[in-house]
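Naming convention: chains lettered A, B, ... in sequence-line order (proteins, then strands); numbering from 1 in each chain.
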Number of protein chains: 2
Amino acid sequence: MDKNLKRMTTMHRMQTKGLELFYKKGFYNTSIDDILKELSLSKGAFYYHFQSKEDFFISIIQNLVVRKVYGMLIEPIEGETDPFTAIEKCFENALAIAEHNELDYGFVLGNFMNEFNGRNEEISKYLRDIYKVWEVNLVTTLQKGKTDGYVARHVDSEGVAAFLISSYMGIRMLMVEGNSRNLSYHFLQQIRQYMKSLAQTRLV
Amino acid sequence: MDKNLKRMTTMHRMQTKGLELFYKKGFYNTSIDDILKELSLSKGAFYYHFQSKEDFFISIIQNLVVRKVYGMLIEPIEGETDPFTAIEKCFENALAIAEHNELDYGFVLGNFMNEFNGRNEEISKYLRDIYKVWEVNLVTTLQKGKTDGYVARHVDSEGVAAFLISSYMGIRMLMVEGNSRNLSYHFLQQIRQYMKSLAQTRLV
DNA sequence: AAAATTACCGACCAAGTGGTCGGTTCAAAA
DNA sequence: TTTTGAACCGACCACTTGGTCGGTAATTTT
């Protein structure tokens, strides 16, 4: 267990830095040497721990991306009874993090889905699976919201889920350079407007 | 003029094939040789017409992307008096084209903005300019829609424009593999719902 | 203390990359 | 017919890429 610690530490350092650079510069446009240079490690160390660049990336998905998407975008909505409020808070939080230039894993997901689509089927599958869990979770919460009287009954939960995710990824795509604060404000405003039109009208 | 024709033909062939491959595999992940091989042309021919790979890409933006975005996404909305109907038709058409695997220039734009962001400031600027024209045009049309009684007066035109574009790009990001038909149907349904909530309630 | 295993080093390799350059083809101008 | 120049060819260059491999230092196991 003690010797496993060293192994884990080094692997984790590589994965963290790897994700940072892959996200910033793209997977195909980031060399292993780029990562190794920043960590002052050698090729030998890398290929001792990972079989290939692809294998390395898959380990990043499984160890970092999956968990973060869960923590940031799935769990905060999961148990909640009022779906629209939960979703609003969740997006608000995620966009705030994105503004501070930290990794926003919702968009990390979309970003990589985009880069690997049609180029690497295996990796694409891993990413799509995460997306699907996210989507299913949203649908479930929305459906439950109907029984609890928060969501209008005519609402197409699957359509709404797909639309929410896609608009979120879209706004993140446009949130570059300086206008990101302005954009995320606009986005949250409009998402509220949209969700309001889907809410069950309460009879008082 | 006659000899200019040959020049133009070759350049256009390179640009068309270049856009196709850059879009499919990414700019940095597509070599000039990849393009040349498919056209049975040589390096010499390429560097006779273009100064560099970057210069080549800029010419593609100016000659293909700009015009197509105008034709597909800006002009169809520009003159219309009823903004929401025009936008709906426009998106419907663009998504139908995307489904048939043809180049969808709205997303081409987003795709490249994403790839070049933080990596090539010059190219990013060209792309952002196109985006801005699109946005401004939407805002203008929405504002006019207020005077004409189609758009509710409380609506924040800039917010709506940003939201429409981002959700469009987002849905295109997710429209991969087989479920694209389903997704685009959902998207159009939800976009209608959203826009309905922004429409001026007509007094009959 | 000796042996074995883990973690890491860095020179090396084949296959590309963007870009250069001296040369060739061929239609139009002289 | 000769000359000229635009359009194109392809060998070549310096450099980077993912990946290999023989070696070594340090730590555990025996």
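The one candidate from Thr141(A), Val160(A), Ile77(A) that meets the side-chain contact (heavy atoms from CB on, under 4.5 Å) condition with Ile87(A) is Ile77(A).
For the pair His49(A) and dT6(C), the criterion of a side-chain N or O lying under 4.0 Å from OP1 or OP2 is not met. The phosphate of dA6(D) has neither OP1 nor OP2 within less than 4.0 Å of any side-chain N or O from Arg7(B). At least one side-chain nitrogen or oxygen of Tyr48(B) sits closer than 4.0 Å to the OP1 or OP2 atom of dA7(D). One finds a side-chain N or O of Thr10(B) lying less than 4.0 angstrom from the OP1 or OP2 phosphate oxygen of dC8(D).
Going from atom CG of Leu36(B) over to atom P of dA7(D) covers 16 Å, rounded to whole Å. Residue Phe50(A) contributes atom CZ, which lies 13 Å from atom C1' of dA7(C) at whole-angstrom precision. Met11(A) has its CE atom 14 Å from the C1' atom of dC8(C), to the nearest Å. Nucleotide dG10(D) holds its P atom 14 Å from the NZ atom of Lys37(B), rounded to whole Å. Atom NZ in Lys6(B) sits about 13 Å away from atom C1' in dG5(D), given to the nearest Å.
Within the cation-pi definition used here (under 6.0 Å to the ring centroid, within 45° of the axis), Lys25(B) does not qualify as a partner of Tyr28(A).
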- Per-nt protein contacts along nucleotides 15-20 of chain C (heavy atom under 4.0 Å; B base, S backbone sugar-phosphate only, - none) come out as --SBBB
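Ion pairing between a basic and an acidic side chain is recognised when a charged N comes within 4.0 Å of a carboxylate O; Glu121(A) and Arg128(A) show such pairing. Under the 4.0 Å criterion applied to side-chain N and carboxylate O atoms, Lys24(A) and Glu20(A) are assigned as salt-bridge partners.
Inter-residue side-chain proximity for Asn111(B) and Met173(B) is flagged as unmet; no heavy-atom pair is nearer than 4.5 Å.
Distance from the side chain of Ala45(B) is smallest for dC9(D) among the nucleotides dC9(D), dA7(D), dC9(C).
Scored by the side-chain hydrogen bond (donor to acceptor under 3.5 Å, both in side chains) test, Glu102(A) finds no partners at all (sequence neighbours excluded).
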